[in-house]
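Taking it in order: structure first as structure tokens, then the write-up.
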Amino acid sequence: MTGLQIAFLLIAGITLASAIMVVGAKKTMHSAMWLVLALMGVAAVFATLQASFYAVVQLLVYIGAIAILILFAVMLTRGALEDAGGPTHKRWWMVALAGTLFFGGLVWALRLWSGFTAILVELPKDAEHIAEFGAALVDPGAYLIPFEAASVLLLAGMVAAIYLSVERKGGRT
Amino acid sequence: MTFLDFLKDPVVFLTQWFNGLLAGWGLAPGAVQAIGVIAGSFILATGAMLFVVLLIWIERKIIGRIQDRLGPNRIGPWGILQSIPDMIKIFTKEHITPSGADKIPFNVAPVLAVGAVLMVWAVIPFSVTFFGVDLNVGLLFVVAVGSLGEMAIVLAGWGSNNKYALLGAFRAVGQMISYSVPMILAMIVPVLMAGSMSLVQIVQQQDVWFILVSPVAAFILFVSSIAEVGRSPFDLVEAESELVAGFNVEYSGLKFGMFYVGEFLHAFTVALLFAALFLGGWRGPGAEEIPVLGFIYFFIKTGIVYFASVLIRGSLPRFRIDQMMDLNWKLLTPVSLLVLIVTAVAYKLIAGLPTVIWVLIMLALNAVIFWLVGKYLELYDSQRIRREVGRRDRPIAKTKKVEAQSESGAGL
């Protein structure tokens, strides 16, 4: 076992454990914090795969923006946001069974996928072409339309947020 | 001969000596490299934190002089050792955890606050041969790591179980996220001109310092990085007259010390970044042949930027929160967008011209932007309605606008 494999196992373990804690934690705030750790684990996986650009973007977008927004939203929500007792749902084992079956089905369907058995090759140092990636995002033949569509979606979200939060004068709604 | 080599480039000399020593003990090359990386990062981080001792003294001394005091002057020559007894005192203080505090976030936050700043030092090139790592996404890494600092403040504010701390954290994160926008936009300008996001490359491309090519972007970066650190005039984060001390109100002893160290280190780190991005980093006469000269140049440049930020800290009053947001969203963000667009277009159009002409054209464009912004501000200021506050006959200086308004607007 190489050092990289040990690092991957550690990171994967931490990521999975914190992902479970996201749904398992009693306080909503703690869930949000575990989510941050899980997202950081994903960034670390990217880093071990020599994809430093994606690692950094993962950190920037998911932790710098989204996780902080989630933390804010949780903090601004009224009430203590704590689970008082056990699960509200009595038949939780049925849900667990369904989840396990679904996951098992996915694994079974993908069992012949070549990605499972592929051997990772170490990339050369300059294998990451950020410039080409950037050009592909604005190339009509590549990803221009998805890219623009995503920005229109974000714009729509922003307009909606402003509409919801704007103070209406004179009590009119 | 070897002594001269050592003087020319102590870092590389010591690294080679250390690696040779380890290899002589019969360690595998991989192990030697791993030990080297761990030792290097340990030394860099410790050096940075010890450097803060000096920074605190310098800052107290300058602020003291601004306020017509002597500043620290008892321990050591010129009081230079003052921070060391302060440090020992803070080590011996009790760690108080407030009741109802969320223990893990409460204790993780101070570590994260310092760690997030120290991580930036990993990608800064201190001289031609001395840098932690040459990441091809260096600048993006700096920004991403900055978001960990925001996370530290959120955790501190939440974990303390204190309303003032939470309010301080809200303010801090609102301010930091807002000011990231013009800061990142201003950082893109050097990236455009250097054609790379790696800080090593950006410094190497600066045959002409980028502050000469884009002074407006440099100014925006300077202002927004002061706001990012949260120092005066942007110190709403820990406005002691409003919030007691902001997000760190519940911290004591070493944990408070960590936030304190983090703040000073952050202030110096943004000065380092500014010097690397706009003032040519380690570049200067003879810096390529004798790397230690580059190190000295870099710290002189950084020192000038840091001194300017300390002067501003000592002399300006605090903004109100709406003024702070206005400055960011109504002025800095649009201007930085404008600068970015103008630079991107102009740079492509005039890329083939000789350096002098090219720099002059860019300077002229920046002057036009500066003038336009000044005109816009004049217009904005003249159209703003100033409400009169207090008694009509209050003996204060009034602008003509206000007088006219108070005469005609008696029915308000």
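Keep in mind it's a predicted model, so treat the numbers as computed, not measured. Reminder, nothing fancy here: chain letters follow the sequence lines and each chain counts from 1.
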Rounded to the nearest 0.5 Å, what's the gap from [atom1] on [X] to [atom2] on [Y]? Could you check?
X        : Y        : atom1 : atom2 : answer
B:Ile153 : A:Ile68  : CD1   : CD1   : 9.0 Å
B:Leu148 : A:Met40  : CG    : CE    : 4.5 Å
A:Met33  : B:Asp102 : CE    : CG    : 5.5 Å

So, using side-chain contact (heavy atoms from CB on, under 4.5 Å) as the criterion, who are the partners of [X] when residues are at least two apart?
X        : value
B:Val114 : B:Met49, B:Leu118, B:Met258
A:Ile66  : A:Val61, A:Tyr62, A:Ile70
B:Val181 : B:Leu185, B:Trp329, B:Thr333

Verify the neighbour count for atom [atom1] of [X]: are there more than 12 heavy atoms of other residues, nucleotides or ligands below 6.0 Å?
X        : atom1 : result
B:Trp121 : CH2   : yes
B:Ile104 : CD1   : no
A:Phe72  : CZ    : yes

*Interface residues of residues 145-157 of chain A facing chain B - non-hydrogen atoms under 4.5 Å apart*: none
*asked:* Give me the atom names and distance for the closest heavy-atom approach of A:Val56 to B:Phe141.
replied: CG1-N, 3.6 Å
_Considering all heavy atoms, the nearest B:Ser147-A:Gly64 contact_ = CB-CA, 3.1 Å
_Contacting region of B:Met176 [heavy-atom separation from chain A under 4.5 Å]_ = neither
*Engaged part of B:Leu140 at the chain A interface, taking heavy atoms whose separation is under 4.5 Å*: both
*Could you tell me which of A:Leu71, A:Leu60, A:Leu59 has the largest number of non-hydrogen atom pairs under 4.5 Å with chain B?*
A:Leu60
